[in-house]
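Contents: one structure, followed by commentary.
The first residue in the sequence is number 1, and the count goes up from there. Not measured: the values here are computed from a predicted model.
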Amino acid sequence: MSGGGEKGTGTTKTPADFLKSIRGRPVVVKLNSGVDYRGILACLDGYMNIAMEQTEEYVNGQLKNKYGDAFIRGNNVLYISTTRRNLADGA
């Protein structure tokens, strides 16, 4: 984790801070089943229930389906990660 172990600087971020900061940004949501959902994080709650927009479903790395909006129940979520920008995106 970032922060460099500095004490007293007030820069420590909690997981809740991270989740608030990524709302409206592209994310990858990995489920316990191994399926990935990639899209824009619309909102989430304390149970990790997730609402996403422009969602794509990936199984074994292959695009399987596209959804406008998707809702994922929190008990199925393994992790949420911000997506890395591709070279084609200008990063």
Side-chain angles (χ1 to χ4, degrees):
M1 299 201 98
S2 63
E6 299 173 7
K7 294 182 180 181
T9 61
T11 59
T12 304
K13 276 192 159 184
T14 66
D17 293 333
F18 167 73
L19 293 171
K20 287 177 189 173
S21 73
I22 63 171
R23 191 178 296 160
R25 293 180 50 198
V27 295
V28 175
V29 177
K30 179 92 165 184
L31 302 187
N32 295 325
S33 65
V35 176
D36 289 350
Y37 288 90
R38 301 176 190 182
I40 308 298
L41 180 65
C43 63
L44 73 156
D45 65 14
Y47 296 102
M48 292 290 266
N49 295 317
I50 298 169
M52 296 175 67
E53 300 170 341
Q54 303 172 24
T55 310
E56 298 175 335
E57 179 183 46
Y58 288 83
V59 178
N60 296 325
Q62 301 260 337
L63 178 62
K64 291 293 178 185
N65 216 334
K66 290 186 178 186
Y67 307 102
D69 295 331
F71 298 91
I72 301 171
R73 187 172 172 180
N75 68 332
N76 296 312
V77 175
L78 183 62
Y79 66 78
I80 302 173
S81 173
T82 55
T83 59
R84 294 189 179 136
R85 296 176 67 183
N86 295 330
L87 292 176
D89 293 336

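- The CD atom of Glu53 sits 5.5 Å away from the CG atom of Asp69 when rounded to the nearest 0.5 Å.
- By the 4.5 Å heavy-atom criterion applied to side chains, Gln54 and Pro26 are not counted as neighbours.
- For Asn49, the side chain to side chain donor-acceptor pair (under 3.5 Å) partners are Asp45, not counting sequence neighbours.
- A donor-acceptor pair under 3.5 Å is absent between the side-chain atoms of Asn75 and the main chain of Tyr47, judged by distance alone.
- Residues Val59 and Val27 share a single hydrophobic cluster, defined by chaining ILVMFWY side chains whose heavy atoms lie under 4.5 Å apart.
- Nearest heavy-atom pair across Phe18 and Ile80 is CE2-O, 4.3 Å.
- Here the side chains of Leu78 and Leu31 are not in contact, with every heavy-atom distance at 4.5 Å or above.
- Hydrophobic clustering places Tyr37 together with Val77 (ILVMFWY residues linked when any side-chain heavy atoms are closer than 4.5 Å, directly or through intermediates).
- Remark: Tyr67 pairs with Glu57, Asn65 by the side chain to side chain donor-acceptor pair (under 3.5 Å) rule, at least two apart or across chains.
- Of the residues Leu19, Val29, Asn76, the one that meets the side chain to side chain contact (heavy atoms under 4.5 Å, CB included) test with Met48 is Leu19.
- For the atom pair Lys30 NZ and Tyr79 OH, the distance stands at 5.0 Å (nearest 0.5 Å).
- The structure places CD1 of Ile72 at 11.0 Å from CG of Leu44, a figure rounded to the nearest 0.5 Å.
- The OG1 atom of Thr55 lies 10.0 Å from the CG atom of Leu41; values are rounded to the nearest 0.5 Å.
- Interatomic distance, Arg38 CZ to Met52 CE, rounded to the nearest 0.5 Å: 10.0 Å.
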